[in-house]
Amino acid sequence: MIADMKFFLDTANVKEIAQAHEMGVLDGVTTNPTLLSKEGRDPVQVLKEICAIVDGPVNAEVISTDCEGMLREARRWAELDEKIVVKIPMTREGMKAVRKLSEEDIPTNVTLVFSPTQALIAAKAGADYVSPFVGRLDDRSEDGMDLVSKIIQIFDNYGFETEVIVASIRHPMHVVEAALMGADIATMPYAVFEKLFEHPLTDLGLQQFLADWGKLKR
Ligand code: E4P
């Protein structure tokens, strides 16, 4: 059994990360080129700020598509902070880079995983993490969580230590299903993270408790 299910925030927004960190249940951050581009600031500076807030892994993705370029970028990202995990796309060149980086002890997260064979290859190449994108599969009438379940079974069958990051999460039920399947990590937008805390019956119940306490003659 896994000791803990980890919550990562899927954002490059420092304010959101600081707010989630204050809650005391944030274990890491995933960024990607789109998320960093949204911030409109120097990505190196943004990642430095994220690393200063978060205690766990901070994912930064390479832009190159050839192995040599990926290796160059990965080594540069890794020098930034010891928390950096380098995201490498699930391509042939990417897998060559993952093999090399695992020999250099630079942690990798294979991203854009959409099939069980892609996850298996990433694990065989020595990836520390794989990221199946469940929401993007659901968007195409495919079953994203079914992919996660298959990956977990395959990794269990062979004792791969590669951790499964359930990515492209769209709503809290993705997080619930990920937890039921025993996925290692769920990475989610801040809006989904916020929803995990909420239930209207909690608010109503608290309101009632406080109102009743107020009636007590003391
Ligand atoms: C994962 O690491 C990716 O950054 C992310 O989950 C992609 O999600 P999206 O499909 O919402 O863009």
Side-chain angles (χ1 to χ4, degrees), residues 5-14 16-17 20 26-41 43 46-47 50-51 53-54 56-65 70 73-74 77-78 80-81 83-91 94-95 97-98 101 106-115 118-119 122-123 125 127-149 151-152 162-179 181 183-196:
M5 187 199 191
K6 284 169 263 177
F7 287 165
F8 284 13
L9 222 51
D10 195 29
T11 183
N13 186 283
V14 174
E16 288 179 348
I17 292 166
L26 182 66
D27 300 297
V29 167
T30 48
T31 68
N32 63 36
T34 306
L35 293 170
L36 280 163
S37 157
K38 261 193 214 164
E39 296 308 305
R41 299 199 286 135
V46 172
L47 280 156
I50 296 173
C51 288
I53 299 169
V54 181
V58 175
N59 285 251
E61 189 161 339
V62 297
I63 304 301
S64 299
T65 52
M70 287 183 197
E73 281 184 56
W77 277 140
L80 199 67
D81 195 290
K83 293 171 192 165
I84 293 283
V85 171
V86 183
K87 279 173 91 173
I88 306 277
M90 175 60 226
T91 59
M95 293 313 95
V98 167
L101 292 168
I106 294 180
T108 55
N109 168 7
V110 173
T111 188
L112 293 167
V113 167
F114 293 98
S115 81
Q118 289 181 323
D128 297 273
Y129 305 89
V130 291
S131 292
F133 278 31
V134 298
R136 292 194 195 184
L137 282 170
D138 290 358
D139 289 345
R140 299 170 55 91
S141 316
E142 291 181 53
D143 190 341
M145 290 313 300
D146 180 59
L147 170 63
V148 172
S149 145
I151 296 172
I152 290 172
T162 307
E163 291 187 52
V164 178
I165 304 183
V166 180
S168 183
I169 279 181
R170 300 267 190 267
H171 47 70
M173 276 315 287
H174 277 147
V175 180
V176 173
E177 288 176 64
M181 288 174 189
D184 302 279
I185 299 153
T187 190
M188 65 201 89
Y190 184 70
V192 174
F193 177 79
E194 278 275 86
K195 284 182 189 157
L196 302 184

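The model shown is predicted, which means the values in this text are computed figures rather than measured ones. Numbering of ligands and ligand atoms starts at 1, following listing order.
- Inclusion of N32 in the set of residues having an N or O under 3.5 Å from an N or O of ligand 1 is warranted.
- Set against the non-hydrogen atoms of R136, the atoms of ligand 1 under 4.0 Å away are 7 (C), 9 (P), 10 (O), 12 (O).
- For the side-chain contact (heavy atoms from CB on, under 4.5 Å) test with F8, the passing option among V58, L26, N59 is N59; the others fail.
- Ligand 1 lies less than 4.0 angstrom from a heavy atom belonging to K87.
- The CG atom of L101 sits 5.5 Å away from atom CD1 of I88, with the distance rounded to the nearest 0.5 Å.
- The main-chain N or O of V54 is found under 3.5 Å from a side-chain atom of K83 such that the two form a donor-acceptor pair.
- How far OG1 of T30 is from CG of N32: 7.5 Å, rounded to the nearest 0.5 Å.
- Atoms of ligand 1 lying under 4.0 Å from any heavy atom of T30, numbered from 1 in the order shown and given with element: 2 (O).
- Closest protein heavy atom to atom 7 (C) of ligand 1: F133 CE2, 3.6 Å.
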Derivation of the side-chain contact (heavy atoms from CB on, under 4.5 Å) call for T91 and T65: CA-CA 8 Å; T91 59; T65 52; over 6 Å; no
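- Side-chain contact check for K87 versus I165: every heavy-atom pair is 4.5 Å or farther apart.
- For ligand 1, the polar-atom distance check finds no N/O of S131 at less than 3.5 Å from any of the ligand's N/O atoms.
- Numbered from 1 in the order shown, with element, the atoms of ligand 1 that lie under 4.0 Å from a heavy atom of A167 read 1 (C), 6 (O).
- Looking only at distances, a side-chain donor or acceptor of D138 sits under 3.5 Å from a matching main-chain atom of G144.
- L112 places a side-chain heavy atom less than 4.5 Å from the side chain of R136.
- On a distance-only criterion, R170 and ligand 1 share at least one N/O pair closer than 3.5 Å.
- Residue contact check: D10 has heavy atoms under 4.0 Å from atoms 1 (C), 2 (O), 3 (C), 4 (O), 5 (C), 6 (O), 7 (C), 8 (O) of ligand 1.
- In terms of protein heavy atoms, atom 8 (O) of ligand 1 is closest to S168 CA, 3.3 Å.
- The shortest separation from a heavy atom of T111 to ligand 1 is not under 4.0 Å, leaving the residue out of contact.
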